[in-house]
Visitor: 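Following this message is one structure expressed as structure tokens.
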Number of protein chains: 2
Amino acid sequence: MSTIEDVARLAGLSRTTVSRVINNHPYVSAGKKKLVQEAMDILGYVPNSSARSLRNQKTDIIAVFIPRVMNPFFSQFIESFENAASGQNYQLIVCQTQYSQEKELTYLNLLKTRQIDGVVMVSFENDWDVIEPFLEYGPIILCNEVVEKAQVPMIFLDQQYGGYIATKHLTSQGHSKIAYCCGGYRSSVSMARERGFRQALTEAGVQFEERYAFRNAFHVEDGKRVFRELKEMTCPPTAIFTGGDEVAAGMISEAKKFGWNVPDDLAVIGFDNQEITELLDPMITTVYQPVEEMAHKALEVMVQRIQSKRNYSLEKHEFPMKLVIRESTISKKLANV
Amino acid sequence: MSTIEDVARLAGLSRTTVSRVINNHPYVSAGKKKLVQEAMDILGYVPNSSARSLRNQKTDIIAVFIPRVMNPFFSQFIESFENAASGQNYQLIVCQTQYSQEKELTYLNLLKTRQIDGVVMVSFENDWDVIEPFLEYGPIILCNEVVEKAQVPMIFLDQQYGGYIATKHLTSQGHSKIAYCCGGYRSSVSMARERGFRQALTEAGVQFEERYAFRNAFHVEDGKRVFRELKEMTCPPTAIFTGGDEVAAGMISEAKKFGWNVPDDLAVIGFDNQEITELLDPMITTVYQPVEEMAHKALEVMVQRIQSKRNYSLEKHEFPMKLVIRESTISKKLANV
DNA sequence: ATGAAAGCGCTAACAG
DNA sequence: CTGTTAGCGCTTTCAT
């Protein structure tokens, strides 16, 4: 393992000069520069990054917080973000909080110990008040989630609009008994979607019915369960808005098992535009979220923050959603469109 | 940002003593220990990890190489590996090679620059000869892939057995015209599966037919395409082995579109036991791969290697696959179970 | 049981 | 344009 000292000695120059050519500084004569490069080649020299980190007070590593990788939304984010980051010579550390406040806190310590230059929180578990103090140690940006009181960059999707266009699509198909299905109350994401849902209902002159609301559906199994609950209802809904394609898929799969026709007996709309939406029969109408654009913007903003060392100012970037109409909401029977 | 010096001063002791309590060394009197801890609390002190890395010649970071995150096999690996790693206080850097030799090489430099302690290659693009020299800088272990000449740990699944049980299942259903579909020739994975496929065929006394072989199917779209090719054949196969559930899903979806009945007209078997196998109608028969076990073993072996500093010895760990029988291969028509 | 001092490998004043 | 020197923050001999 050769060091800068070895290179300097071999080239017959000082460490400073070697350092200058490593970092592309001006004011190095072409001759010495070549000398240094030759010496580096001979020794197979590569600068030690721990030493550089210590000296430069930065590691060129960014941490991304997600609850877990195996969720298409988050894995797509990781994929896009890593692609962008590697293009700028940043490495990406994955932090899975597992929905645990404690794990999230443990990971935040990476900032304190200076193992990373910044944190992108695509999910968060703790109250902002407990996260905020870590800003002293480096930039934190919020991605996909919105916290009103936080004075940091926030990159997010217009969830309300997403909920709105999905529901509007349902009402415009003539539905008025529309169920609402999502995962969790708390998150700003769910809340915004529900606002959009209600807005579309209101516009169509239909009342929101609490008995049609299911707020604990995250996964395939949940979709199946919700369908079973729903089919037992007196006067069941004719359409349902779900917060995720997996949930919609589970619901459709179960509905078919019980002989229901989707979309004729029940129109189902998903969320995320995952691959699975094109595989089920019927193909699932859904809402496309521009995850890649969001991830790229997140990196861009993060890099700026790291360079400018300004951790404390608000900055909002919103991206729109898009409705993707497939078969699970378009009744052939009614034939209205 | 307080340093060890600050703590020492506040506690009225030397840096050495503070360092000793940080690292739980013996020979520190209880009294001084408490003094130090109080000082650390007051200052909110946390050791700087760049400084430690420089001094200790290790970063507690492991890199995982995969082609891309958005593939259930790899994202599951990442998820499991990160869970295990965080339990041992290791961080995980994700390196997406994008199937590019050049990118892979760039990432290998992380080892040279000492930014990471070791590399887990779940995929690899370059010849072993070009990877091997990097062993000088730290441990590299192979996961899921096997390279005969490599003198490093290899954690892998019994792919041949996987191919075998899947195909055996098909022949035992009475099929003799069985197509073979996989992604890529080269990889040890595909080759082993094909050996298993041929073995099962041989046992059943049927000949391998090259015209039934499709070796460029990676994704949903490919499955659809392969079906279209296959249905035009004179004397098409009655069953098909695919190297991935997505491919199987695409095939089934397309087959249904053309009015074919799966499994009666064509039995389809997948690989991976992804969630989607339980959602399609028919549900997909597939092969379960113990990815989580593999990831856990990979971490265990990696940690050992890092600690022992022995980068150059062979070590093999094999895990078995399991057949998961669902509907896509069980013809109700024939009713032979 | 505790401390003084050297040094991990690098970069940036500062001087020339 | 080039070199000398002083650290970045930590751990570890080696004394005491």
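Within every chain, numbering begins at 1; the chains are lettered A, B, ... in the order of the sequence lines, protein sequences first and strands thereafter. For the numbers below, each heavy atom of this structure counts, side chains included, while hydrogens, waters and symmetry mates do not.
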Visitor: Expressed in angstrom and rounded to an integer, what is the separation of A/Lys33 atom NZ from D/dC1 atom P?
Guide: 11 Å
Visitor: Is the phosphate of C/dG3, meaning OP1 or OP2, less than 4.0 Å from a side-chain N or O of B/Tyr27?
Guide: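 Answer is no, no contact under 4.0 Å.
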Visitor: Quick one: does B/Thr17 reach the base of C/dA1 with a side-chain donor-acceptor pair under 3.5 Å?
Guide: no
Visitor: CD of A/Gln151: more than 12 outside heavy atoms within 6.0 angstrom?
Guide: yes
Visitor: For A/Thr16, report the nucleic acid contact type (base, sugar-phosphate, nothing); a contact means any heavy atom under 4.0 Å.
Guide: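 Base contact.
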Visitor: Using a cut-off of 4.0 Å on non-hydrogen atoms, how would the nucleic acid contact of A/Thr3 be classed: base, sugar-phosphate, or nothing?
Guide: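 Sugar-phosphate contact only - A/Thr3 comes under 4.0 Å of backbone atoms but never of a base.
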Visitor: Between B/Val28 and A/Arg52, name the one whose nearest nucleotide on DNA chain C is closer to the 5' end.
Guide: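 The residue whose closest nucleotide sits nearer the 5' end is B/Val28.
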Visitor: Please report the distance, rounded to the nearest Å, between CD in B/Glu5 and P in D/dG9.
Guide: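 Going from CD in B/Glu5 over to P in D/dG9 covers 10 Å.
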Visitor: Give one of base, sugar-phosphate or nothing for A/Pro26, where a contact means two heavy atoms less than 4.0 Å apart.
Guide: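 It contacts nothing in the nucleic acid.
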Visitor: Write down the distance between CZ (A/Arg9) and P (D/dG3), rounded to a whole number of angstrom.
Guide: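 Taking CZ of A/Arg9 and P of D/dG3, I get 15 Å after rounding.
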Visitor: OP1 or OP2 of C/dA12 less than 4.0 angstrom from a side-chain nitrogen or oxygen of A/His25, does that happen here?
Guide: yes
Visitor: Evaluate whether atom NZ of A/Lys33 has more than 12 neighbouring non-hydrogen atoms of other residues, nucleotides or ligands under 6.0 angstrom away.
Guide: no
Visitor: In whole Å, I'd like the distance from the CZ atom of A/Arg55 to the P atom of D/dC10.
Guide: 16 Å
Visitor: Before giving the answer on side-chain contact (heavy atoms from CB on, under 4.5 Å), spell out for A/Met40 and A/Ile22 the whole-Å C-alpha distance, their side-chain angles and the decisive distance to 0.1 Å.
Guide: CA-CA 10 Å; A/Met40 296 202 306; A/Ile22 292 170; 4.2 Å; yes
Visitor: Start with the C-alpha gap between B/Asp129 and B/Lys149, add the side-chain angles, then the distance that decides, and say whether salt bridge (charged side-chain N to carboxylate O under 4.0 Å, His left out) holds.
Guide: CA-CA 9 Å; B/Asp129 294 334; B/Lys149 58 181 161 180; 3.3 Å; yes
Visitor: Name the residue closer to the 5' end of DNA chain D, choosing between A/Lys32 and A/Arg15 according to the nucleotide with the nearest heavy atom.
Guide: A/Lys32
Visitor: What about B/Arg20, does its side chain sit under 3.5 Å from the base of C/dG3 through a donor-acceptor pair?
Guide: yes
Visitor: Taking 4.0 Å as the cut-off, does a side-chain nitrogen or oxygen of B/Ser53 come that near to OP1 or OP2 on C/dC8?
Guide: no
Visitor: Measure CG/A/Leu54 against C1'/D/dC8 and give the value in whole Å, please.
Guide: 4 Å
Visitor: Can you tell me the distance, in whole Å, between the NZ atom of A/Lys58 and the P atom of C/dC10?
Guide: 15 Å
Visitor: Without decimals, in angstroms, what is the distance between B/Asn48 CG and C/dC8 C1'?
Guide: 13 Å
Visitor: I want to check something: taking the side chain as every heavy atom from C-beta on, are B/Gln91 and B/Asp60 in contact at a cut-off of under 4.5 Å?
Guide: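 A side-chain contact is absent here, since even the closest heavy-atom pair is not under 4.5 Å.
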Visitor: I need the CG-C1' distance between A/Asn56 and D/dG9, as an integer number of Å.
Guide: 14 Å
